[in-house]
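Right, one structure below, let's go through it.
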Amino acid sequence: MSKTTSIRHSDLSNGEHPDTPLDVFRLLYPIVKDEVYRRREQMIQLTAFASAFLILLLVILLTIPSSSGLDAATRWLAMSGVALLFGLLAYVILQHADRHRMAKQQLIELEQSLGLYQDGWKPDGKALFPHNWQSDWMADRSVTIYLTVLAALTTLVICAIVVRA
């Protein structure tokens, strides 16, 4: 066992460099894997927070009676604000999705470089990871679901603003 078998992220800041490809793998794999999960979690949290906010706004708009309707300028500003909020949230979610996709691709490349998808890792002769893990992530539709939910809630809020006129 070499002295660099347990390289940590802080080891690089101390000037130590990994000596072997396995050391590089041990250094990069946890970082990249954490990035994959962290980005996914951030997209989920952002969608949940935005959905809760839009639902709260919708409930407020539909339950609080208005003594007088909103004038055209106020309605336009409110609808524009909700649309801009959706645009900003969609942009941030898409940015996280792109970085998640890049990290996932890098993670799979690291796993492929060690041959984890090649047969022969297990006693039964199979690969350590199923072969479909290399490509299933490309068919992930979660970002479409996040954006569809936010678009639907945004549309409902804008409709509620129009109805209150």
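Small disclaimer: the values here were computed from a predicted structure and weren't measured. All values below come from the heavy atoms of this structure, side chains included, with hydrogens, waters and symmetry mates left out.
- When side chains are defined from C-beta on, L57 does not count as touching L153, because their heavy atoms never get closer than 4.5 Å.
- Atom OG1 of T154 sits about 11.0 Å away from atom CG of L84, to the nearest 0.5 Å.
- Under the 4.5 Å side-chain heavy-atom criterion for grouping Ile, Leu, Val, Met, Phe, Trp and Tyr, W76 is not connected to F86 through any hydrophobic cluster.
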For residues 98-107, run the donor-acceptor check on the side chains, cut-off 3.5 Å, and write out each pair with its distance to 0.1 Å, sequence neighbours left out.
| unit_1 | atom_1 | unit_2 | atom_2 | d |
| --- | --- | --- | --- | --- |
| H100 | ND1 | V36 | O | 3.0 |
| H100 | NE2 | R40 | NH2 | 3.2 |

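- Put simply, Y91 and Y146 are part of the same group of oily side chains (I, L, V, M, F, W, Y) that touch within less than 4.5 Å, one to the next.
- No continuous path of hydrophobic side-chain contacts links L77 to I158 [ILVMFWY only; heavy atoms under 4.5 Å].
- To the nearest 0.5 angstrom, Q95 atom CD is 7.5 Å from R39 atom CZ.
- L46 is not connected to Y37 by any chain of hydrophobic side-chain contacts under 4.5 Å among Ile, Leu, Val, Met, Phe, Trp and Tyr, and they are in different clusters.
- For the pair A97 and V143, the tightest heavy-atom approach, listed with the atom from each and the gap, is CB-CG2, 3.4 Å.
- The distance from the CD atom of E41 to the NE2 atom of H96 is 11.5 Å, given to the nearest 0.5 Å.
- Remark: L85 pairs with F53, L54, L89 by the side chain to side chain contact (heavy atoms under 4.5 Å, CB included) rule, at least two apart or across chains.
- Taking hydrophobic clusters as Ile, Leu, Val, Met, Phe, Trp and Tyr residues chained together by side-chain heavy-atom distances below 4.5 Å, I60 does not share a cluster with F49.
- The nearest pair of heavy atoms linking V149 to S51 is CG1-OG, 3.7 Å.
- Distance check: L58 CG to L61 CG gives 7.0 Å after rounding to the nearest 0.5 Å.
- Taking all atoms of both residues into account, the shortest heavy-atom contact from I161 to M79 is CG2-CG, 3.7 Å.
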